[in-house]
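Computed over heavy atoms, backbone and side chain alike; hydrogens, waters and symmetry mates excluded.
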Amino acid sequence: MLSTPVFSASALSAAPSVSPQLTLPTRLRPHDLLRITDQGAADVLEGRFDQLLPDGGLWPTEERWARRLHSDDDLDVWLISWVPDRSTELHDHAGSLGALTVLSGSLVEYRWAGDGLKRRRLDAGDQASFPLGWVHDVMRAPASITTGPTLSVHAYSPPLTAMSYYEVTDKSALRRTRTELTDEPEGPSK
């Protein structure tokens with residue numbers, strides 16, 4: 001049972017307001033989302049969300065697993081467990097900003113850099129944020145040596161409503177293949 005609220009209204013009200021000349025879909029900025037995922041990761045590690053974890057501590061091994069840790073009009077926060085050989089597929093988060101903190105294991109992200117995909121590895125403790133227009137594919141790092149699950153906490157603001165999926169053409173261009181309405185993080189595994 002939580003002893004204190006994890007994402008209190010007072011903590012969110014500390015987020016700076018957006019200036020009139022800057023048009024963002026949310027009052028939260030990437031650094032706010034990084035702070036929120038860092039706090040969410042600490043809360044998971046301290047056992048504050050144990051009631052949401054898989055029964056008996058048996059993490060799925062075939063498909064990604066996700067549970068919502070927090071949701072309000074400004075923000076969704078998710079805990080995601082990653083499995084080997086499954087990626088998210090190249091996607092964006094439509095009109096939402098995003099961030100993540102890796103709790104355990106390692107993730108690999110392939111992001112569109114305008115002329116091709118760039119790779120980066122995110123290990124336990126690493127963080128990343130995703131501005132509007134960020135197109136990426138995320139997966140558990142191949143040959144990730146961990147004694148437990150590969151876990152990450154993700155925050156989206158405003159909460160996800162849609163994701164678009166992409167492919168890289170033979171001319172090294174990005175082509176949208178479809179857009180899906182969703183309120184779940186990182187879409188289906190492929």
Side-chain angles (χ1 to χ4, degrees), residues 1-8 11-12 28 33-94 96-110 120-130 134 136-163 165 180-190:
M1 182 65 73
L2 288 174
S3 58
T4 59
V6 178
F7 307 104
S8 68
L12 293 177
L28 298 174
L33 298 177
L34 289 168
R35 180 184 48 77
I36 288 166
T37 61
D38 190 48
Q39 181 62 55
D43 290 339
V44 168
L45 292 172
E46 291 170 8
R48 292 194 174 130
F49 291 107
D50 283 355
Q51 74 278 9
L52 299 177
L53 302 183
D55 291 336
L58 298 174
W59 295 92
T61 58
E62 298 298 318
E63 292 295 329
R64 234 179 13 258
W65 173 95
R67 285 295 180 273
R68 186 178 276 130
L69 303 178
H70 175 84
S71 182
D72 63 30
D73 290 344
D74 289 323
L75 178 70
D76 262 347
V77 181
W78 292 83
L79 173 64
I80 302 175
S81 172
W82 300 83
V83 297
D85 304 320
R86 295 277 194 250
S87 72
T88 60
E89 194 174 347
L90 202 55
H91 68 279
D92 66 22
H93 300 112
S96 298
L97 304 173
L100 71 83
T101 296
V102 179
L103 277 74
S104 60
S106 299
L107 298 175
V108 173
E109 177 195 45
Y110 296 91
R120 72 173 160 174
R121 182 181 175 110
L122 300 165
D123 297 316
D126 289 344
Q127 294 187 292
S129 64
F130 315 117
W134 191 269
H136 68 162
D137 186 4
V138 181
M139 63 186 299
R140 180 176 170 166
S144 180
I145 299 172
T146 181
T147 57
T150 297
L151 299 172
S152 56
V153 171
H154 297 238
Y156 303 98
S157 184
L160 288 175
T161 58
M163 293 171 60
Y165 294 88
E180 296 180 5
L181 298 178
T182 187
D183 66 348
E184 295 186 8
E186 300 306 314
S189 292
K190 74 168 191 169

Between Trp82 and Leu107, is the side-chain contact (heavy atoms from CB on, under 4.5 Å) condition met? List the steps. CA-CA 8 Å; Trp82 300 83; Leu107 298 175; 3.5 Å; yes

Apply side-chain contact (heavy atoms from CB on, under 4.5 Å) to Trp59 and Leu53, showing your working. CA-CA 8 Å; Trp59 295 92; Leu53 302 183; 3.7 Å; yes

Report the C-alpha distance between Leu79 and Leu151 in whole Å, list the side-chain angles of each, state the deciding distance to 0.1 Å, and finish with yes or no for side-chain contact (heavy atoms from CB on, under 4.5 Å). CA-CA 7 Å; Leu79 173 64; Leu151 299 172; 4.2 Å; yes

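For the pair Ser81 and Arg64, the tightest heavy-atom approach, listed with the atom from each and the gap, is O-CG, 3.0 Å. Across every non-hydrogen atom of Asp74 and Leu28, the tightest pair is O-CD1, 4.1 Å. A pairwise comparison of heavy atoms in Arg121 and Ala141 identifies NH1-CB, 3.7 Å as the closest pair. Considering all non-hydrogen atoms of both residues, His154 and Ile80 come closest at CD2-CD1, 3.4 Å. When all heavy atoms of Tyr156 and Gly98 are compared, the pair lying nearest together is CD2-CA, 4.2 Å. Of all non-hydrogen atoms in Pro60 and Val83, the two that sit nearest each other are O-CG1, 3.3 Å.
Atoms CG and CZ, on Leu52 and Arg67 in that order, are 8.0 Å from each other to the nearest 0.5 Å. Going from atom CD of Glu89 over to atom CE of Met163 covers 9.0 Å, rounded to the nearest 0.5 Å. To the nearest 0.5 Å, the span separating CG on Leu90 from OH on Tyr110 amounts to 12.0 Å. Separation of atoms CD1 (Ile36) and CG (Leu69) is listed at 12.0 Å; rounding is to 0.5 Å. Once rounded to the nearest 0.5 Å, the distance linking CH2 of Trp78 with OG of Ser71 reads 8.0 Å. Between atom CG of residue Asp126 and atom OG of residue Ser152 there is a gap of 11.5 Å, rounded to the nearest 0.5 Å.
Ring pair His93/His136 is perpendicular by interplanar angle, where above 60° counts as perpendicular and below 30° as parallel.
Side-chain atoms of Ser157 do not come within 3.5 Å of backbone N or O of Leu97 as any donor-acceptor pair. Of the possible polar contacts, none joining the Asp183 side chain to the Thr161 backbone as a donor-acceptor pair under 3.5 Å is found. Side-chain atoms of Ser96 come within 3.5 Å of backbone N or O of Pro158 as a donor-acceptor pair. Proximity of a side-chain donor or acceptor of Thr101 to a complementary backbone N or O of Val153 within less than 3.5 Å is not detected. Checked by atom type and distance alone, the side chain of Arg86 pairs as donor or acceptor with a backbone atom of Glu62 at under 3.5 Å.
More than 12 heavy atoms of other residues, nucleotides or ligands lie within 6.0 Å of CG in Asp50, so this atom counts as buried by the packing criterion.
Between Val138 and the options Thr88, Val108, Leu122, a side chain to side chain contact (heavy atoms under 4.5 Å, CB included) holds for only Thr88. For the side chain to side chain contact (heavy atoms under 4.5 Å, CB included) with Ser129, the lone residue among Leu34, Thr37, Leu100 that qualifies is Leu34.
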